Amino acid sequence: MIFEALRWLGLAWDEGPDVGGPYGPYRQSERTEIYREHANLLLAGGAAYPCFCTPDELAAVRKQQLAAKTPPRYPGTCRSLPPAASGARIAAGEPFVVRMKVPVEGSTSFRDELRGAVSFENSKIDDQVLVKADGFPTYHLANVVDDHLMRITDVIRAEEWISSTPKHVLLYRAFGWSAPRFWHMPLLRNLDKSKISKRKNPVSLVYYRQAGFLPQALLNFLGLMGGGMPAEINSATEKFTLDDMIRCFEVGNIRLGGPVFDLAKLKWLNGEYLRALSLDDFYAALRQTVLSDAYLRDVAALIQTRIETLGQFGDLTHFFFADDISPSPAIYLPKNRSLEETLSFAGEQLAVLEAAEWTAADLDAALKSLGASKGWTVKENFMLLRAILTGSAMSPPLLESMAVFGKARTLDRLRRFLETEKKRRPEAS
RNA sequence: GGCGUCAUGGUGUAAUUGGUUAACACGCCGCCCUCUCAAGGCGGAGAGUUCGGGUUCGAUCCCCGAUGACGCUACCA
């Protein structure tokens with residue numbers, strides 16, 4: 001799915017699980033043996049140690065530390081277990097994780113290519129788990145091993161990784177490898193400046209494609225947000241293509257402040273691209289997305305049994321083609337339910353749907369079990385969701401409609417509904 | 001709480017690596033066009049650059065401190 005989304009944007013890559021390459025396998029699950037060997041190397045060299053503490057024990061310790069207002073840290077219980085003792089426990093089949101043995105003294109520093117030297121005191125770095133009890137590596141081990149073996153020269157990732165980088169540097173050192181260059185990019189933000197999240201913004205590329213954004217518009221917008229384009233393009237015309245980005249991108253032009261993801265501006269930009277299309281191209285774009293044969297056929301299948309004239313098609317299906325529904329309480333509020341409990345229940349529907357497998361059967365099971373546990377009848381439950389999603393009490397079968405409409409857009413519609421109602425009644429949130 | 005990063009209108013960015021009435025775009029408001037709504041054209045409100053100290057003839061820009069925001073603080077990534 002992620003590959004498909006990136007391809008849609010017009011982005012390609014030289015190596016990967018799908019295209020192959022000289023440094024495979026590229027799938028983490030196919031590299032467990034490699035990670036295990038490297039973990040053993042660390043264990044043998046004394047840079048890591050087996051830890052037998054159970055998750056429960058650790059949770060208890062953490063709770064205490066938090067209560068005492070001390071930083072939550074691994075207490076070091078297994079750090080200096082004699083090799084013979086831990087060897088015996090492993091032999092006895094006791095489950096264990098592998099932790100890295102971070103030096104107690106000194107500090108670890110690295111150069112972030114965008115900000116310069118960054119330094120952390122070793123005493124502030126926790127003994128990170130490298131291999132989980134199930135034998136799978138954590139990101140920390142996997143990324144270092146993979147990047148070295150795959151000859152990665154530059155690690156470009158989000159700012160949230162800065163705090164973990166010293167651990168990675170320490171790992172490179174323990175292996176005797178030289179570390180790559182690190183570039184930490186600023187984080188995209190929600191309107192409230194927090195790290196961008198799906199609760200507050202549609203973040204999946206699939207959503208943007210289904211909602212009818214053009215890939216070149218989205219790419220342009222992301223380029224604007226990410227920075228790196230020269231000022232005369234970035235802030236003067238503000239419009240550029242992938243080719244322009246390849247040609248003009250300059251790391252020196254990257255701004256370090258975390259930009260707010262401004263959906264309104266994306267929409268404007270997308271409109272600009274849409275209007276610039278020839279009518280033929282515009283029509284083609286419609287037919288490829290919101291009016292594709294496949295989509296239209298799926299929608300048609302849902303209303304065939306309840307239609308009398310073809311002219312009613314639009315009346316019966318408008319919600320499949322609308323961007324915003326936002327029904328009023330008069331439509332969505334069940335009899336004998338308060339606004340507050342209804343909105344709260346809708347919020348739980350959202351949570352359940354987020355986790356659901358997107359098939360009618362799974363949706364059915366998930367929604368019904370939620371309704372049962374909260375004392376909502378199936379009718380109330382489904383009618384509420386129907387109102388939110390279709391803006392009406394009458395619609396084609398709910399679950400099938402949701403399946404056709406798609407997960408990304410359904411969730412977005414629900415989130416926007418909650419957002420709108422919350423704003424309307426701030427005290428009910 | 002600890003550690004780290006960042007800081008120009010509501011949002012995204014500019015401002016010849018110290019000298020501008022602090023610019024542009026989105027958004028917002030108004031006017032024009034027009035059967036409506038958009039688009040388009042024109043205009044407007046909105047920041048004195050988070051705050052306080054320096055350095056300097058002069059700081060958005062350099063230095064120090066404070067504050068704020070964000071991130072990390074998992075057998076997540």
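Order of the sequence lines sets the chain letters (A, B, ...), proteins ahead of strands, with each chain counted from 1. Note that the structure is predicted; figures quoted are calculated from it, not measured.
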- Contact nearer the 5' end of RNA chain B, comparing Met229(A) with Lys124(A): Lys124(A)
- Please determine if Arg287(A) and Asp293(A) form a salt bridge, counting it only when a charged side-chain N lies under 4.0 Å from a carboxylate O. yes
- Message: Does the structure place the NZ or CZ of Arg99(A) under 6.0 Å from the centre of the six-membered ring of Tyr74(A), at an angle of no more than 45° from the ring's axis?
- Response: yes
- Task: Sort out the partner of G65(B) for me: Watson-Crick or G-U wobble, both distances under 3.5 Å, none otherwise.
- Result: C51(B)
- Just compare G71(B), A77(B), C75(B) and give me whichever is closest to any side-chain atom of Ala133(A). C75(B)
- Counting any heavy atom closer than 4.0 Å, what does Thr237(A) reach on the DNA or RNA strands: base, sugar-phosphate only, or nothing? nothing
- Asn253(A) CG to U17(B) P: how many Å, rounded? 14 Å
- Item | Closest to the Phe120(A) side chain, choosing from G40(B), C3(B), A69(B) | C3(B)
- Looking at C72(B), A14(B), A25(B), which one has an atom nearest to any side-chain atom of Trp268(A)? A25(B)
- Anything under 30° is parallel, anything over 60° is perpendicular, the rest tilted; go ahead and classify Trp161(A) against His168(A). tilted
- Query: Any luck finding a side-chain donor-acceptor pair between Asp412(A) and Tyr207(A) under 3.5 Å?
  - Reply: yes
- Item | Any strand: nucleotide that pairs with U16(B) via Watson-Crick or wobble, under 3.5 Å | none
- Message: Closest approach to the side chain of Ala264(A), judged atom by atom: which nucleotide of C6(B), G27(B), G40(B) is it?
- Response: G27(B)
- Item | d(CE, Met225(A); P, C6(B)) in whole Å | 19 Å
- Query: NA contact type, Glu272(A), heavy-atom cut-off 4.0 Å: base, sugar-phosphate, or nothing?
  - Reply: sugar-phosphate
- Task: Report the nucleotide, chosen from A69(B), C75(B), A25(B), that has the shortest atom-to-atom distance to any side-chain atom of Pro55(A).
- Result: C75(B)
- Salt-bridge criterion met for Lys368(A) and Asp364(A) (N-O under 4.0 Å): yes
- Pairing of Arg416(A) and Glu419(A) as salt bridge, 4.0 angstrom limit: no
- By the Watson-Crick or G-U definition, both distances under 3.5 Å, G46(B) is matched with none
- Separation of Arg157(A) atom CZ from G4(B) atom P, in whole Å? 18 Å
- Item | Distance, C1' atom - from G44(B) to C61(B), rounded to whole angstrom | 30 Å
- Note on the structure: pair_partner(G40(B)), Watson-Crick or wobble, both distances < 3.5 Å, evaluates to C32(B)
- Using atom C1' of each nucleotide, how far apart are A66(B) and A23(B) to the nearest Å? 30 Å
- Item | Electrostatic pair Lys265(A)-Glu238(A), nearest N-O below 4.0 angstrom | yes
- Any idea if G48(B) is syn or anti, going by the 90°-from-0 cut? syn
- Message: Could you tell me how far apart Leu66(A) (CG) and G2(B) (C1') are, to the nearest whole angstrom?
- Response: 11 Å
- Item | Proximity to the side chain of His140(A) - top-ranked nucleotide from A14(B), A77(B), C75(B) | A77(B)
- Message: How many whole angstroms separate atom CZ of Arg111(A) from atom P of G4(B)?
- Response: 19 Å
- Pairing nucleotide - G1(B), Watson-Crick or G-U, each distance under 3.5 Å: U73(B)
- Note on the structure: Checking A74(B), U11(B), C6(B) against the side chain of Asp262(A) (C-beta onward), the nearest is U11(B)
- Query: In terms of side-chain heavy atoms of Arg99(A), which of C70(B), U5(B), C75(B) is nearest?
  - Reply: C75(B)
- When rounded to whole Å, the CD to P distance for the pair Gln128(A) and C3(B) reads 19 Å
- Output the single nucleotide from G4(B), A77(B), A74(B) whose closest atom is nearest the side chain of Pro72(A). A74(B)
- With C1' as the reference atom in both, quote the distance from C24(B) to A14(B) in angstrom, rounded to an integer. 7 Å
- Hey, does Val97(A) reach any base, or is it just sugar-phosphate, or nothing, if we go heavy atoms under 4.0 Å? base
- Note on the structure: Assert: residue with more 5' nearest nucleotide on RNA chain B, out of Arg275(A) and Val118(A), is Val118(A)
- pair_partner(G10(B)), Watson-Crick or wobble, both distances < 3.5 Å, evaluates to C26(B)
- Distance in angstrom units between Lys265(A) NZ and U11(B) P, rounded: 13 Å
- Nearest-Å distance once atom C1' is located in both U21(B) and G65(B): 32 Å
- Message: If I take atom CD in residue Glu160(A) and atom C1' in nucleotide C3(B), what distance separates them, rounded to the nearest angstrom?
- Response: 16 Å
- base_contact_polar (G4(B) base, Glu159(A) side chain, donor-acceptor, <3.5 Å): no
